[in-house]
Visitor: 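Here it is, the structure, as structure tokens.
Being a predicted model, the structure only gives us computed values, none of them experimental. Every chain is numbered from 1 and lettered A, B, ... according to where its sequence line falls, protein lines coming before strand lines.
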Protein chains: 2
Amino acid sequence: MFTDASRPLYEVKANLFKGLAHPLRVRVLEVLAATPDAETPVAALLEATGLEASHLSQHLAVLRNYRLVTAERRGNQVSYRLAYPQVADLLRVARALLGEILQATERQLVEQAGLPDIPTQAAARATDASAAPVAEASTVTAARS
Amino acid sequence: MFTDASRPLYEVKANLFKGLAHPLRVRVLEVLAATPDAETPVAALLEATGLEASHLSQHLAVLRNYRLVTAERRGNQVSYRLAYPQVADLLRVARALLGEILQATERQLVEQAGLPDIPTQAAARATDASAAPVAEASTVTAARS
DNA sequence: CCATGGATTGATGAATCCATCAATCCATTA
DNA sequence: TAATGGATTGATGGATTCATCAATCCATGG
């Protein structure tokens with residue numbers, strides 16, 4: 001059911017994004033995407049992420065269920081690779097989009113720094129929390145009707 | 001903070017995917033992507049989704065915070081559009097990936113249907129639940145060492 | 001067969017996200 | 001300014017997801 005057909009496309013898509021919506025999973029995919037034609041043993045992933053085996057394995061299971069990676073057992077140990085090259089594509093496009101977003105919001109910060117408050121490092125310090133969205137600045141812009 | 005720089009890339013990426021990880025939000029983005037150069041009034045989104053205004057607005061707020069859409073107020077009503085064309089790119093690539101996944105899992109279903117159980121419509125009926133991942137079939141494949 | 005190392009699975013409290021309802025805001029018109 | 005329609009915001013249970021720990025599986029070597 002992790003990627004079922006016979007459901008509206010937007011549901012399946014959202015579901016795919018849900019599979020990608022965790023830093024550790026993205027990290028793992030990035031590592032795997034770095035060597036698209038080689039297998040990466042779990043040991044290497046453990047080292048790359050610094051995680052506890054069990055924790056990593058949980059997320060690997062998620063990635064497997066979503067059919068984003070495939071696993072192969074060679075004797076005692078297991079290796080992973082991306083299930084499809086398009087997974088790497090997706091990461092690249094996401095990165096490109098983020099480039100745009102960050103660049104644009106940076107411009108905005110500069111613009112609004114010209115007038116109000118402290119023009120220097122205030123913004124930098126303000127943008128410090130570790131959870132989610134971009135710093136606010138009133139979203140809905142006006143336009144003449 | 002919804003798309004902060006100065007954090008590891010994989011965190012920011014995962015965060016982006018989190019913003020996309022909901023069927024309604026994907027649906028809205030798809031609608032907006034259908035007319036990239038025109039604004040879409042909230043009324044149209046309401047109709048396209050069949051949602052209650054408040055509910056839709058919640059998700060629009062999320063999309064705004066993630067900088068995926070922009071809103072403009074024209075007199076009494078508000079219209080939305082994609083903030084960057086790359087958002088549409090991302091949806092397209094996701095769709096391409098899903099195409100691969102579904103096609104491949106379909107092949108697998110056919111293969112394994114050749115031998116066990118009922119070879120006909122059993123698989124189709126089995127893939128019915130409405131929540132998440134693809135139907136299971138043992139993940140870790142073996143290989144010679 | 002038992003022990004060991006490598007990896008996965010299961011279970012549980014904590015944290016996060018979501019849908020719904022009430023309240024508010026904003027611009028237009030009377 | 002009072003009232004109305006369009007849209008957003010806030011608050012609150014209910015549902016998902018996550019991190020951690022213990023238990024299990026699986027293949028190899030003694």
Visitor: Which whole-number value in Å describes the distance from A:L56 CG to D:dA19 P?
Guide: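 These atoms are roughly 12 Å apart.
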
Visitor: Out of curiosity, A:L98 CG to B:Y84 OH, how far, rounded to the nearest 0.5 Å?
Guide: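 Rounded to the nearest 0.5 Å, the CG-OH separation comes out at 10.0 Å.
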
Visitor: Taking the nucleotide of DNA chain D with the nearest heavy atom to each, does A:H55 or B:S54 sit closer to the 5' end?
Guide: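 Closer to the 5' end of DNA chain D: B:S54.
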
Visitor: Toward the 5' end of DNA chain C, which comes first, A:P41 or B:L24, by nearest nucleotide?
Guide: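 Nearest-nucleotide comparison on DNA chain C picks A:P41.
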
Visitor: If you check the B:A43 side chain, which of D:dA7, C:dA19, D:dC18 turns out closest?
Guide: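 When the side chain of B:A43 is considered, D:dA7 is the closest of D:dA7, C:dA19, D:dC18.
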
Visitor: Report the distance from atom CD of B:E72 to atom C1' of D:dT8, rounded to the nearest whole Å.
Guide: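 Whole-Å distance recorded here is 17 Å.
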
Visitor: What's the closest nucleotide to the side chain of A:Y80 if the choices are C:dT8, D:dC21, D:dA7?
Guide: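 Comparing C:dT8, D:dC21, D:dA7 against the side chain of A:Y80, the answer is C:dT8.
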
Visitor: Can you check the B:K18 NZ to C:dC18 C1' distance for me, whole Å?
Guide: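 Rounding to the nearest Å, NZ of B:K18 and C1' of C:dC18 are 14 Å apart.
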
Visitor: Of all the heavy-atom pairs spanning B:A88 and B:A33, show the shortest one and how long it is.
Guide: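 Closest pair (atom of B:A88, atom of B:A33, distance): CB-CB, 4.2 Å.
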
Visitor: Is the side chain of A:R74 donor-acceptor paired with the backbone N or O of A:S79 at a distance under 3.5 Å, no angle test?
Guide: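 No, the answer is negative, given that no donor and acceptor are paired below the 3.5 Å cut-off.
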
Visitor: Does A:H59 place a side-chain N or O at less than 4.0 Å from the phosphate oxygens OP1/OP2 of D:dT17?
Guide: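 Answer no for this pair, as no side-chain N or O of A:H59 is under 4.0 Å from OP1 or OP2.
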
Visitor: Atom NE2 of B:H22 and atom C1' of D:dT17: how far apart are they, to the nearest Å?
Guide: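 One finds 14 Å between C1' of D:dT17 and NE2 of B:H22, rounded.
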
Visitor: Is the phosphate of C:dA27 approached by B:R74 (side-chain N or O, under 4.0 Å from OP1 or OP2)?
Guide: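 Checking C:dA27 against B:R74, no side-chain N or O comes under 4.0 Å of OP1 or OP2.
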
Visitor: Taking CG from B:N15 and P from D:dC18, how many angstroms apart are they, rounded to a whole number?
Guide: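 That distance rounds to 13 Å.
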
Visitor: Grab the CG-P distance between A:L60 and C:dG10 for me, whole Å please.
Guide: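 In whole Å, C:dG10 P and A:L60 CG are 16 Å from each other.
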
Visitor: Within the modelled atom types, does a donor on one side and an acceptor on the other bring the side chain of B:S57 and the base of D:dT9 under 3.5 Å apart?
Guide: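 Between D:dT9 and B:S57, which were checked side chain against base, a qualifying N/O pair under 3.5 Å is absent.
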
Visitor: To the nearest 0.5 angstrom, please state how far the CD atom of A:Q58 sits from the NE2 atom of A:H55.
Guide: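 Answer rounded to 0.5 Å: 7.0 Å.
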
Visitor: So, is B:R64 near the phosphate of D:dT9, with a side-chain N or O under 4.0 Å from OP1 or OP2?
Guide: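 It does, given that an N or O in the side chain of B:R64 lies less than 4.0 Å from OP1 or OP2 of D:dT9.
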
Visitor: Can you measure B:N76 atom CG to C:dC25 atom C1' for me and round it to whole angstrom units?
Guide: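 So the CG-C1' distance, B:N76 to C:dC25, works out to 12 Å.
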
Visitor: Quick check: closest heavy atoms across B:R81 and B:P36, and the distance to 0.1 Å?
Guide: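 The answer is NH1-O, 4.4 Å.
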
Visitor: For the pair made of CD in B:Q58 and P in D:dT8, what is the distance, rounded to whole Å?
Guide: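 The answer, rounded to whole Å, is 10 Å.
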
